[in-house]
Visitor: 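If you scroll down you'll find the structure; I have some questions about it.
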Amino acid sequence: METQNLFTVNYLKFCYTCQDAHQCDTEGKCVACWEEKGLLNKEAKVELTTEELLRQYAD
């Protein structure tokens with residue numbers, strides 16, 4: 001998958017419901033936030049189920 005498309009998918013998946021999304025105004029800030037919250041693991045490319053994603057968002 002193209003890098004920009006992957007970023008867009010991750011942004012929609014991880015940031016859509018985030019209350020602090022307005023603070024992430026660069027790609028670097030978004031990636032750092034995802035890594036900090038354990039949402040982005042560059043080595044594992046496992047797709048989470050909807051239930052797993054919702055649990056992560058709630059945390």
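Position 1 is the first residue of the sequence; numbering continues from there.
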Visitor: Please, which pairs that meet ring pair (Phe, Tyr, Trp, His ring centres under 6.0 Å) have at least one residue in residues 14-33, sequence neighbours excluded?
Guide: Phe14-Trp34

Visitor: Go through the structure and list residues passing salt bridge (Lys or Arg N to Asp or Glu O under 4.0 Å) with Lys37, not counting sequence neighbours.
Guide: none

Visitor: Evaluate the side-chain contact (heavy atoms from CB on, under 4.5 Å) criterion for residues Glu51 and Leu54: first the C-alpha distance (whole Å), next the side-chain angles of each, then the deciding distance (0.1 Å), finally the verdict.
Guide: CA-CA 5 Å; Glu51 181 179 351; Leu54 290 172; 5.8 Å; no

Visitor: Which pair of non-hydrogen atoms, one from Asp25 and one from Lys29, has the smallest distance, and what is that distance?
Guide: OD1-NZ, 2.9 Å

Visitor: Taking atom SG of Cys30 and atom CZ of Phe7, what is their separation to the nearest 0.5 Å?
Guide: 4.0 Å

Visitor: So which heavy atom on Ala21 is nearest to which on Cys15, and how close?
Guide: CB-O, 3.7 Å

Visitor: How long is the straight-line distance from CD of Glu27 back to OG1 of Thr8, given to the nearest 0.5 Å?
Guide: 8.5 Å

